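Worksheet for the structure shown next.
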Amino acid sequence: MQEIKIGLEVHVQLNTESKLFCSCPTSQAEPNRNVCDVCLGFPGTKPVLNEKAIELALKIGYALDCRINKKFLFSRKTYFYPDLSKNFQITQLETPVSSGGKLNIKDNKIRIRRVHLEEDPAKIIREEDHVLLDYNRSGIPLVEIVTEPDLKSPREARIFLQKLQQILEFIYVGDFSKEGGIRVDANISMTKYESKYGYEEGLVEEKKGGVRVEIKNISGAKEVEKALNYEMLRQKNLLEVKRETRLWNEKTKITISAREKEEEDEYGYIFEPDLPVIELSDKILNEIQSNLPELPESKKRRFLKYKISPEIIDTLLTEPELTHYFEYLCETHNEKASAVLLAKYLKRTLNYHNLKLKDVDIDVRHLRRIIDLLQKYLITDDVAEIIIREMVGDHVKGKKVREPEQVLRDLKYEKPLEEERIRKFVLDVVRENTKAVKDYKIGKKESFDYLIGQVMKKTGRRASAKRIKELLKREVG
Ligand code: ADP
Ligand code: MG
Ligand code: ZN
(Lines give C-alpha, C1' and ligand atoms only; values in the text may rest on other atoms or scores of the structure.)
(Ligands and ions follow the chains in the order given, each with its own letter.)
Protein backbone atom coordinates (compact mmCIF):
# COMPACT_ATOMS: atom_id res chain seq x y z
CA MET A 1 0.00 0.00 0.00
CA GLN A 2 1.16 3.50 -0.61
CA GLU A 3 0.00 7.07 -0.33
CA ILE A 4 0.90 9.60 -2.98
CA LYS A 5 0.93 13.34 -2.45
CA ILE A 6 1.40 15.76 -5.28
CA GLY A 7 1.61 19.55 -5.06
CA LEU A 8 2.10 21.89 -7.99
CA GLU A 9 3.70 25.29 -8.50
CA VAL A 10 2.30 26.76 -11.71
CA HIS A 11 3.98 29.74 -13.35
CA VAL A 12 1.78 31.70 -15.69
CA GLN A 13 3.04 34.54 -17.88
CA LEU A 14 0.52 37.37 -17.67
CA ASN A 15 -0.51 38.93 -20.94
CA THR A 16 0.35 42.52 -20.11
CA GLU A 17 1.76 44.74 -22.84
CA SER A 18 4.79 45.79 -20.84
CA LYS A 19 7.00 44.06 -18.29
CA LEU A 20 6.41 43.97 -14.54
CA PHE A 21 8.81 46.72 -13.46
CA CYS A 22 9.76 48.63 -16.64
CA SER A 23 8.11 49.72 -19.88
CA CYS A 24 9.80 47.16 -22.16
CA PRO A 25 7.28 45.37 -24.38
CA THR A 26 6.44 41.72 -23.72
CA SER A 27 5.90 40.92 -27.41
CA GLN A 28 7.96 38.45 -29.43
CA ALA A 29 11.20 39.94 -30.73
CA GLU A 30 14.74 39.10 -31.74
CA PRO A 31 16.66 37.92 -28.65
CA ASN A 32 17.79 40.68 -26.29
CA ARG A 33 15.84 43.47 -27.98
CA ASN A 34 13.12 44.02 -25.39
CA VAL A 35 15.53 45.12 -22.67
CA CYS A 36 16.46 48.21 -20.68
CA ASP A 37 18.57 49.21 -17.67
CA VAL A 38 15.83 48.13 -15.28
CA CYS A 39 15.16 44.62 -16.55
CA LEU A 40 18.89 44.04 -17.06
CA GLY A 41 19.45 45.11 -13.45
CA PHE A 42 21.92 47.91 -13.94
CA PRO A 43 23.07 49.54 -10.70
CA GLY A 44 21.00 52.51 -9.62
CA THR A 45 17.88 51.61 -11.58
CA LYS A 46 14.56 51.35 -9.78
CA PRO A 47 11.51 49.24 -10.52
CA VAL A 48 8.11 50.80 -11.21
CA LEU A 49 5.20 48.42 -10.70
CA ASN A 50 2.87 47.65 -13.63
CA GLU A 51 -0.73 48.06 -12.37
CA LYS A 52 -2.15 45.86 -15.07
CA ALA A 53 -0.20 42.90 -13.66
CA ILE A 54 -1.80 43.41 -10.25
CA GLU A 55 -5.22 43.49 -11.85
CA LEU A 56 -4.61 40.21 -13.68
CA ALA A 57 -3.19 38.54 -10.56
CA LEU A 58 -6.30 39.62 -8.63
CA LYS A 59 -8.55 38.18 -11.33
CA ILE A 60 -6.78 34.85 -10.83
CA GLY A 61 -7.22 35.14 -7.07
CA TYR A 62 -10.95 35.69 -7.45
CA ALA A 63 -11.35 32.93 -10.03
CA LEU A 64 -9.71 30.47 -7.62
CA ASP A 65 -11.84 31.47 -4.66
CA CYS A 66 -8.92 32.98 -2.77
CA ARG A 67 -8.71 35.47 0.05
CA ILE A 68 -7.34 38.71 -1.34
CA ASN A 69 -4.60 40.49 0.57
CA LYS A 70 -5.57 44.13 0.41
CA LYS A 71 -2.11 45.12 1.55
CA PHE A 72 1.01 43.47 0.21
CA LEU A 73 4.64 44.04 -0.55
CA PHE A 74 7.44 42.53 -2.58
CA SER A 75 10.65 40.76 -1.56
CA ARG A 76 14.05 40.11 -3.05
CA LYS A 77 15.01 36.48 -3.45
CA THR A 78 18.76 36.47 -3.87
CA TYR A 79 20.60 33.89 -5.86
CA PHE A 80 23.37 33.79 -8.42
CA TYR A 81 22.57 32.40 -11.82
CA PRO A 82 23.13 33.68 -15.37
CA ASP A 83 19.39 34.07 -16.00
CA LEU A 84 19.24 36.67 -13.25
CA SER A 85 21.48 39.61 -14.00
CA LYS A 86 20.40 41.60 -10.90
CA ASN A 87 21.38 38.66 -8.68
CA PHE A 88 17.96 38.79 -7.11
CA GLN A 89 14.43 38.16 -8.27
CA ILE A 90 11.61 40.42 -7.13
CA THR A 91 8.88 38.15 -5.83
CA GLN A 92 6.48 37.86 -2.90
CA LEU A 93 7.03 35.77 0.21
CA GLU A 94 5.06 36.81 3.31
CA THR A 95 2.24 38.60 1.54
CA PRO A 96 1.14 37.03 -1.73
CA VAL A 97 -1.54 38.88 -3.70
CA SER A 98 -3.98 36.23 -2.52
CA SER A 99 -4.09 32.94 -0.67
CA GLY A 100 -6.29 30.17 0.64
CA GLY A 101 -8.30 29.28 -2.47
CA LYS A 102 -9.60 26.11 -4.03
CA LEU A 103 -10.33 24.34 -7.28
CA ASN A 104 -12.57 21.28 -7.31
CA ILE A 105 -11.78 18.26 -9.42
CA LYS A 106 -14.84 16.07 -9.30
CA ASP A 107 -15.10 15.20 -5.58
CA ASN A 108 -11.61 16.23 -4.67
CA LYS A 109 -11.07 19.75 -3.40
CA ILE A 110 -7.60 20.95 -4.31
CA ARG A 111 -6.59 23.73 -1.96
CA ILE A 112 -4.70 26.67 -3.44
CA ARG A 113 -2.08 27.77 -0.97
CA ARG A 114 -1.12 31.07 -2.59
CA VAL A 115 -1.10 33.17 -5.73
CA HIS A 116 1.81 35.58 -5.93
CA LEU A 117 3.41 37.93 -8.41
CA GLU A 118 7.03 37.79 -9.50
CA GLU A 119 9.28 38.60 -12.42
CA ASP A 120 10.37 35.98 -14.94
CA PRO A 121 14.13 35.41 -15.19
CA ALA A 122 15.85 35.41 -18.58
CA LYS A 123 15.56 32.41 -20.85
CA ILE A 124 18.48 30.01 -20.96
CA ILE A 125 19.00 28.21 -24.24
CA ARG A 126 21.30 25.26 -23.84
CA GLU A 127 23.44 24.44 -26.86
CA GLU A 128 25.97 21.68 -27.17
CA ASP A 129 28.98 23.27 -25.47
CA HIS A 130 27.66 26.64 -24.36
CA VAL A 131 24.49 28.39 -23.25
CA LEU A 132 22.70 31.37 -24.77
CA LEU A 133 20.73 33.91 -22.78
CA ASP A 134 17.70 35.84 -23.91
CA TYR A 135 16.82 38.70 -21.58
CA ASN A 136 13.61 39.50 -23.44
CA ARG A 137 11.95 37.22 -20.91
CA SER A 138 13.64 38.91 -17.95
CA GLY A 139 10.99 40.92 -16.10
CA ILE A 140 7.91 39.50 -17.82
CA PRO A 141 5.17 39.38 -15.17
CA LEU A 142 4.50 35.94 -13.77
CA VAL A 143 1.92 34.69 -11.39
CA GLU A 144 2.85 31.64 -9.38
CA ILE A 145 -0.07 29.51 -8.27
CA VAL A 146 0.89 27.06 -5.51
CA THR A 147 -1.37 24.19 -4.49
CA GLU A 148 -1.38 22.24 -1.26
CA PRO A 149 -0.22 18.63 -1.80
CA ASP A 150 -3.83 17.50 -2.34
CA LEU A 151 -3.46 15.79 -5.70
CA LYS A 152 -3.42 12.01 -5.49
CA SER A 153 -2.16 10.81 -8.85
CA PRO A 154 -0.29 11.99 -11.96
CA ARG A 155 -3.57 11.76 -13.84
CA GLU A 156 -5.32 13.99 -11.35
CA ALA A 157 -2.44 16.48 -11.65
CA ARG A 158 -3.01 16.60 -15.40
CA ILE A 159 -6.75 17.10 -15.04
CA PHE A 160 -6.16 19.85 -12.47
CA LEU A 161 -3.77 21.66 -14.80
CA GLN A 162 -6.11 21.39 -17.78
CA LYS A 163 -8.94 22.75 -15.71
CA LEU A 164 -6.78 25.55 -14.32
CA GLN A 165 -5.60 26.50 -17.80
CA GLN A 166 -9.18 26.56 -19.04
CA ILE A 167 -10.17 28.95 -16.25
CA LEU A 168 -7.17 31.19 -16.96
CA GLU A 169 -8.12 31.29 -20.64
CA PHE A 170 -11.69 32.25 -19.85
CA ILE A 171 -10.61 35.17 -17.67
CA TYR A 172 -8.09 36.35 -20.27
CA VAL A 173 -4.95 36.57 -18.17
CA GLY A 174 -2.46 34.62 -20.27
CA ASP A 175 -1.65 33.29 -23.70
CA PHE A 176 -0.92 29.58 -23.58
CA SER A 177 -0.13 29.12 -27.23
CA LYS A 178 3.13 30.96 -26.50
CA GLU A 179 6.13 28.84 -25.67
CA GLY A 180 6.74 29.14 -21.93
CA GLY A 181 3.30 30.65 -21.34
CA ILE A 182 2.73 28.13 -18.57
CA ARG A 183 5.45 26.22 -16.69
CA VAL A 184 5.04 23.84 -13.82
CA ASP A 185 7.14 22.51 -10.95
CA ALA A 186 5.68 19.26 -9.68
CA ASN A 187 6.34 17.99 -6.15
CA ILE A 188 5.73 14.39 -5.26
CA SER A 189 6.16 12.24 -2.20
CA MET A 190 5.27 8.61 -1.74
CA THR A 191 4.65 7.07 1.61
CA LYS A 192 5.12 3.36 1.51
CA TYR A 193 3.65 1.00 4.07
CA GLU A 194 5.63 -2.18 4.40
CA SER A 195 4.51 -5.27 6.22
CA LYS A 196 6.94 -6.43 8.86
CA TYR A 197 6.90 -9.16 11.42
CA GLY A 198 7.34 -7.63 14.86
CA TYR A 199 8.68 -9.80 17.66
CA GLU A 200 5.85 -9.04 20.03
CA GLU A 201 3.20 -7.41 17.85
CA GLY A 202 3.15 -9.97 15.05
CA LEU A 203 2.49 -8.64 11.54
CA VAL A 204 2.58 -4.82 11.49
CA GLU A 205 2.55 -2.11 8.84
CA GLU A 206 5.55 0.19 8.87
CA LYS A 207 5.37 3.65 7.33
CA LYS A 208 8.37 4.46 5.16
CA GLY A 209 9.59 7.37 3.13
CA GLY A 210 7.41 10.33 2.22
CA VAL A 211 10.34 12.41 1.03
CA ARG A 212 9.41 15.22 -1.31
CA VAL A 213 11.07 15.39 -4.71
CA GLU A 214 10.57 18.44 -6.88
CA ILE A 215 10.59 18.22 -10.67
CA LYS A 216 11.27 21.62 -12.16
CA ASN A 217 10.14 23.46 -15.23
CA ILE A 218 7.72 21.16 -17.04
CA SER A 219 5.98 22.68 -20.02
CA GLY A 220 2.40 21.45 -19.92
CA ALA A 221 -0.29 19.28 -18.36
CA LYS A 222 0.49 16.15 -20.36
CA GLU A 223 4.21 16.43 -19.72
CA VAL A 224 3.50 16.83 -15.99
CA GLU A 225 1.57 13.58 -16.01
CA LYS A 226 4.40 11.80 -17.80
CA ALA A 227 7.10 13.26 -15.55
CA LEU A 228 5.20 12.24 -12.40
CA ASN A 229 4.55 8.75 -13.74
CA TYR A 230 8.24 8.36 -14.45
CA GLU A 231 9.13 9.67 -11.02
CA MET A 232 6.79 7.22 -9.28
CA LEU A 233 8.38 4.35 -11.11
CA ARG A 234 11.86 5.58 -10.27
CA GLN A 235 11.05 5.98 -6.59
CA LYS A 236 9.40 2.57 -6.36
CA ASN A 237 12.70 0.94 -7.16
CA LEU A 238 14.68 2.91 -4.62
CA LEU A 239 15.38 1.86 -1.07
CA GLU A 240 15.74 5.44 -0.01
CA VAL A 241 14.50 8.57 -1.79
CA LYS A 242 16.64 11.69 -1.50
CA ARG A 243 15.03 15.09 -1.02
CA GLU A 244 16.14 16.90 -4.15
CA THR A 245 15.27 18.94 -7.20
CA ARG A 246 15.15 17.10 -10.51
CA LEU A 247 14.74 18.16 -14.11
CA TRP A 248 12.34 16.63 -16.63
CA ASN A 249 13.79 15.91 -20.05
CA GLU A 250 10.99 16.01 -22.62
CA LYS A 251 13.04 14.21 -25.24
CA THR A 252 14.27 11.27 -23.21
CA LYS A 253 11.21 11.18 -20.91
CA ILE A 254 13.22 10.79 -17.74
CA THR A 255 14.04 13.04 -14.77
CA ILE A 256 17.63 13.75 -13.77
CA SER A 257 19.00 15.07 -10.52
CA ALA A 258 19.71 18.81 -10.58
CA ARG A 259 20.60 19.75 -7.03
CA GLU A 260 19.85 19.10 -3.41
CA LYS A 261 16.72 20.88 -2.36
CA GLU A 262 17.51 24.36 -1.03
CA GLU A 263 15.74 25.81 1.99
CA GLU A 264 14.00 29.14 2.19
CA ASP A 265 16.62 30.89 4.34
CA GLU A 266 19.34 30.08 1.83
CA TYR A 267 17.81 32.71 -0.42
CA GLY A 268 18.26 35.44 2.16
CA TYR A 269 14.91 37.05 1.43
CA ILE A 270 14.65 40.76 2.27
CA PHE A 271 11.82 43.21 1.64
CA GLU A 272 12.21 45.08 -1.65
CA PRO A 273 13.12 48.60 -0.54
CA ASP A 274 12.53 50.22 -3.94
CA LEU A 275 8.83 49.37 -4.08
CA PRO A 276 6.12 50.71 -1.79
CA VAL A 277 3.68 48.65 0.23
CA ILE A 278 0.65 48.27 -2.02
CA GLU A 279 -2.78 48.99 -0.55
CA LEU A 280 -5.83 48.23 -2.63
CA SER A 281 -9.04 50.17 -2.23
CA ASP A 282 -12.38 48.39 -1.93
CA LYS A 283 -13.50 50.23 -5.03
CA ILE A 284 -10.79 48.65 -7.18
CA LEU A 285 -11.37 45.22 -5.69
CA ASN A 286 -15.12 45.40 -6.26
CA GLU A 287 -14.57 46.52 -9.80
CA ILE A 288 -12.27 43.60 -10.59
CA GLN A 289 -14.52 41.10 -8.89
CA SER A 290 -17.69 42.29 -10.56
CA ASN A 291 -16.06 42.40 -14.00
CA LEU A 292 -14.68 38.88 -13.74
CA PRO A 293 -15.86 36.95 -16.83
CA GLU A 294 -18.14 33.98 -16.26
CA LEU A 295 -16.11 30.85 -15.45
CA PRO A 296 -16.32 27.73 -17.64
CA GLU A 297 -18.06 25.67 -14.97
CA SER A 298 -20.91 28.13 -14.66
CA LYS A 299 -21.23 28.36 -18.44
CA LYS A 300 -21.40 24.59 -18.61
CA ARG A 301 -24.17 24.47 -16.04
CA ARG A 302 -26.16 26.99 -18.08
CA PHE A 303 -25.59 25.27 -21.41
CA LEU A 304 -26.64 21.89 -20.01
CA LYS A 305 -30.16 23.28 -19.65
CA TYR A 306 -30.47 23.34 -23.43
CA LYS A 307 -30.91 19.93 -24.93
CA ILE A 308 -27.36 19.60 -26.18
CA SER A 309 -25.03 16.68 -25.55
CA PRO A 310 -22.35 17.19 -22.88
CA GLU A 311 -19.66 16.33 -25.46
CA ILE A 312 -20.71 19.19 -27.68
CA ILE A 313 -20.79 21.53 -24.69
CA ASP A 314 -17.29 20.45 -23.70
CA THR A 315 -16.12 21.20 -27.23
CA LEU A 316 -17.63 24.68 -27.03
CA LEU A 317 -15.81 25.14 -23.74
CA THR A 318 -12.41 24.51 -25.30
CA GLU A 319 -12.23 28.17 -26.24
CA PRO A 320 -13.95 31.22 -24.75
CA GLU A 321 -14.72 32.65 -28.20
CA LEU A 322 -16.67 29.54 -29.16
CA THR A 323 -18.93 30.08 -26.16
CA HIS A 324 -19.34 33.78 -26.95
CA TYR A 325 -20.32 32.99 -30.54
CA PHE A 326 -22.68 30.35 -29.25
CA GLU A 327 -24.46 32.84 -27.02
CA TYR A 328 -24.72 35.36 -29.86
CA LEU A 329 -26.17 32.75 -32.20
CA CYS A 330 -28.65 31.61 -29.55
CA GLU A 331 -30.09 35.12 -29.44
CA THR A 332 -31.58 34.55 -32.86
CA HIS A 333 -31.41 30.85 -33.59
CA ASN A 334 -32.12 27.44 -32.21
CA GLU A 335 -29.54 26.35 -29.58
CA LYS A 336 -28.91 22.91 -30.97
CA ALA A 337 -28.35 24.12 -34.53
CA SER A 338 -26.00 26.83 -33.24
CA ALA A 339 -24.01 24.43 -31.08
CA VAL A 340 -23.64 21.85 -33.85
CA LEU A 341 -22.47 24.43 -36.37
CA LEU A 342 -19.79 25.71 -33.98
CA ALA A 343 -18.70 22.55 -32.19
CA LYS A 344 -18.72 20.30 -35.22
CA TYR A 345 -18.22 22.06 -38.53
CA LEU A 346 -16.37 25.17 -37.42
CA LYS A 347 -14.25 23.58 -34.70
CA ARG A 348 -13.34 20.64 -36.95
CA THR A 349 -12.15 23.00 -39.66
CA LEU A 350 -10.21 25.17 -37.21
CA ASN A 351 -8.52 22.12 -35.72
CA TYR A 352 -7.51 20.96 -39.18
CA HIS A 353 -5.62 24.22 -39.67
CA ASN A 354 -4.43 24.35 -36.07
CA LEU A 355 -6.26 27.63 -35.56
CA LYS A 356 -8.34 29.20 -32.83
CA LEU A 357 -11.58 30.99 -33.52
CA LYS A 358 -10.13 34.16 -32.04
CA ASP A 359 -7.48 34.19 -34.78
CA VAL A 360 -9.97 33.96 -37.64
CA ASP A 361 -12.11 36.78 -38.90
CA ILE A 362 -15.47 35.05 -39.09
CA ASP A 363 -18.49 37.21 -38.52
CA VAL A 364 -21.35 35.96 -36.35
CA ARG A 365 -23.72 37.34 -39.00
CA HIS A 366 -22.19 34.95 -41.55
CA LEU A 367 -22.81 32.01 -39.26
CA ARG A 368 -26.40 33.15 -38.74
CA ARG A 369 -26.92 33.09 -42.49
CA ILE A 370 -25.55 29.58 -42.74
CA ILE A 371 -28.04 28.42 -40.11
CA ASP A 372 -30.81 30.23 -42.00
CA LEU A 373 -29.89 28.43 -45.21
CA LEU A 374 -29.90 25.12 -43.34
CA GLN A 375 -33.24 25.73 -41.75
CA LYS A 376 -34.83 26.70 -45.03
CA TYR A 377 -33.49 23.48 -46.56
CA LEU A 378 -31.55 25.51 -49.06
CA ILE A 379 -28.35 23.71 -48.10
CA THR A 380 -27.58 20.39 -46.45
CA ASP A 381 -25.29 19.86 -43.46
CA ASP A 382 -22.53 18.76 -45.80
CA VAL A 383 -22.79 21.98 -47.77
CA ALA A 384 -22.77 24.01 -44.54
CA GLU A 385 -19.46 22.40 -43.64
CA ILE A 386 -18.09 23.07 -47.11
CA ILE A 387 -18.99 26.75 -46.81
CA ILE A 388 -17.19 26.97 -43.50
CA ARG A 389 -14.16 25.21 -44.92
CA GLU A 390 -14.05 27.70 -47.77
CA MET A 391 -14.37 30.64 -45.40
CA VAL A 392 -11.61 29.45 -43.07
CA GLY A 393 -9.60 28.58 -46.18
CA ASP A 394 -9.83 32.23 -47.23
CA HIS A 395 -8.32 33.25 -43.91
CA VAL A 396 -5.53 30.69 -44.23
CA LYS A 397 -4.67 31.99 -47.71
CA GLY A 398 -4.55 35.52 -46.33
CA LYS A 399 -7.61 36.56 -48.35
CA LYS A 400 -10.68 38.42 -47.18
CA VAL A 401 -13.17 35.90 -45.80
CA ARG A 402 -16.12 35.60 -48.22
CA GLU A 403 -19.76 35.67 -47.26
CA PRO A 404 -21.62 32.34 -47.38
CA GLU A 405 -23.69 33.34 -50.43
CA GLN A 406 -20.55 34.34 -52.29
CA VAL A 407 -18.99 30.98 -51.51
CA LEU A 408 -22.07 29.25 -52.93
CA ARG A 409 -21.93 31.35 -56.09
CA ASP A 410 -18.22 30.62 -56.50
CA LEU A 411 -18.92 26.92 -56.10
CA LYS A 412 -21.63 27.23 -58.76
CA TYR A 413 -23.94 25.69 -56.24
CA GLU A 414 -27.39 24.95 -57.59
CA LYS A 415 -30.21 25.81 -55.28
CA PRO A 416 -32.07 22.73 -54.10
CA LEU A 417 -35.45 21.93 -55.49
CA GLU A 418 -38.40 23.77 -54.20
CA GLU A 419 -40.47 21.99 -51.62
CA GLU A 420 -43.36 21.48 -54.05
CA ARG A 421 -41.06 19.66 -56.41
CA ILE A 422 -39.62 17.49 -53.70
CA ARG A 423 -43.16 16.55 -52.75
CA LYS A 424 -43.83 15.56 -56.33
CA PHE A 425 -40.79 13.33 -56.33
CA VAL A 426 -42.05 11.79 -53.14
CA LEU A 427 -45.41 11.05 -54.75
CA ASP A 428 -43.66 9.57 -57.79
CA VAL A 429 -41.60 7.26 -55.62
CA VAL A 430 -44.62 6.19 -53.58
CA ARG A 431 -46.50 5.36 -56.77
CA GLU A 432 -43.60 3.48 -58.35
CA ASN A 433 -42.72 1.43 -55.26
CA THR A 434 -45.97 0.00 -54.03
CA LYS A 435 -44.29 -3.10 -52.64
CA ALA A 436 -41.85 -1.15 -50.48
CA VAL A 437 -44.65 1.07 -49.23
CA LYS A 438 -46.67 -1.98 -48.27
CA ASP A 439 -43.67 -3.55 -46.53
CA TYR A 440 -43.11 -0.39 -44.55
CA LYS A 441 -46.76 -0.28 -43.50
CA ILE A 442 -46.56 -3.82 -42.10
CA GLY A 443 -43.51 -2.83 -40.05
CA LYS A 444 -40.39 -3.26 -42.19
CA LYS A 445 -38.38 -0.22 -41.18
CA GLU A 446 -35.67 -0.78 -43.87
CA SER A 447 -38.24 -0.17 -46.56
CA PHE A 448 -38.59 3.41 -45.40
CA ASP A 449 -34.85 4.02 -45.79
CA TYR A 450 -35.08 2.50 -49.25
CA LEU A 451 -37.85 4.94 -50.19
CA ILE A 452 -35.80 7.89 -48.90
CA GLY A 453 -32.91 6.72 -51.05
CA GLN A 454 -35.15 6.61 -54.12
CA VAL A 455 -36.39 10.18 -53.58
CA MET A 456 -32.84 11.35 -53.00
CA LYS A 457 -31.75 9.86 -56.29
CA LYS A 458 -34.51 11.70 -58.09
CA THR A 459 -33.67 15.03 -56.50
CA GLY A 460 -30.04 14.67 -57.57
CA ARG A 461 -29.08 14.75 -53.87
CA ARG A 462 -30.01 18.40 -53.64
CA ALA A 463 -32.68 18.01 -50.98
CA SER A 464 -31.84 17.14 -47.39
CA ALA A 465 -32.65 13.68 -46.09
CA LYS A 466 -34.45 15.23 -43.20
CA ARG A 467 -36.86 17.15 -45.40
CA ILE A 468 -37.52 14.12 -47.58
CA LYS A 469 -38.22 12.06 -44.52
CA GLU A 470 -40.81 14.54 -43.30
CA LEU A 471 -42.63 14.66 -46.64
CA LEU A 472 -42.46 10.93 -47.09
CA LYS A 473 -43.85 10.35 -43.58
CA ARG A 474 -46.75 12.61 -44.47
CA GLU A 475 -47.52 10.41 -47.50
CA VAL A 476 -47.06 6.91 -46.14
CA GLY A 477 -47.81 7.54 -42.44
P1 ADP B 1 9.37 25.34 -2.18
O2 ADP B 1 9.27 24.26 -3.21
O3 ADP B 1 9.73 26.63 -2.81
O4 ADP B 1 10.20 24.96 -1.02
P5 ADP B 1 6.89 24.93 -0.62
O6 ADP B 1 7.51 24.34 0.56
O7 ADP B 1 5.89 25.98 -0.36
O8 ADP B 1 7.89 25.62 -1.62
O9 ADP B 1 6.18 23.76 -1.42
C10 ADP B 1 5.95 23.86 -2.75
C11 ADP B 1 5.06 22.76 -3.23
O12 ADP B 1 5.38 21.51 -2.66
C13 ADP B 1 3.59 23.00 -2.93
O14 ADP B 1 2.88 22.85 -4.11
C15 ADP B 1 3.24 21.91 -1.95
O16 ADP B 1 1.93 21.47 -2.15
C17 ADP B 1 4.21 20.82 -2.33
N18 ADP B 1 4.47 19.90 -1.21
C19 ADP B 1 4.73 20.19 0.08
N20 ADP B 1 4.88 19.06 0.81
C21 ADP B 1 4.72 18.02 -0.05
C22 ADP B 1 4.76 16.59 0.10
N23 ADP B 1 5.01 16.00 1.24
N24 ADP B 1 4.54 15.85 -1.02
C25 ADP B 1 4.30 16.43 -2.20
N26 ADP B 1 4.25 17.74 -2.38
C27 ADP B 1 4.45 18.55 -1.33
MG1 MG C 1 9.37 24.97 -5.26
ZN1 ZN D 1 13.08 46.74 -19.42
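Remember, it's 1-based here, ligands and their atoms both numbered in the order they're listed. Computed from a predicted structure; not experimentally measured.
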- Would Thr255 and Glu231 count as having a side-chain donor-acceptor pair, cut-off 3.5 Å? yes
- Item | Approximate separation, where rounding is to 0.5 Å, of Leu164 CG and Ile159 CD1 | 13.5 Å
- Message: With a 6.0 Å cut-off (strictly less than), is the heavy-atom count around OH of Tyr172, excluding the residue itself, greater than 12?
- Response: yes
- Angle, SG of Cys39 through the Zn ion (ligand 3) to SG of Cys24 - 10° precision: 110°
- Message: List ligand 1 atoms under 4.0 Å from Val146, heavy atoms only on the residue side.
- Response: 13 (C), 14 (O)
- Metal site angle (apex the Zn ion (ligand 3)), SG from Cys36 and SG from Cys22, 10 degrees: 110°
- Item | The one among Glu214, Arg212, Arg111 that brings a heavy atom closest to atom 21 (C) of ligand 1 | Arg212
- Query: Rounded to the nearest 0.5 Å, how far does CZ of Phe170 lie from CD of Glu319?
  - Reply: 8.5 Å
- Below 3.5 angstrom, do we get any N/O pair linking Pro149 and ligand 1? yes
- Query: Relative to each other, are the rings of Tyr79 and Tyr81 parallel, tilted or perpendicular (30° and 60° limits)?
  - Reply: tilted
- Leu8: numbered ligand 1 atoms lying under 4.0 Å from its heavy atoms: 14 (O)
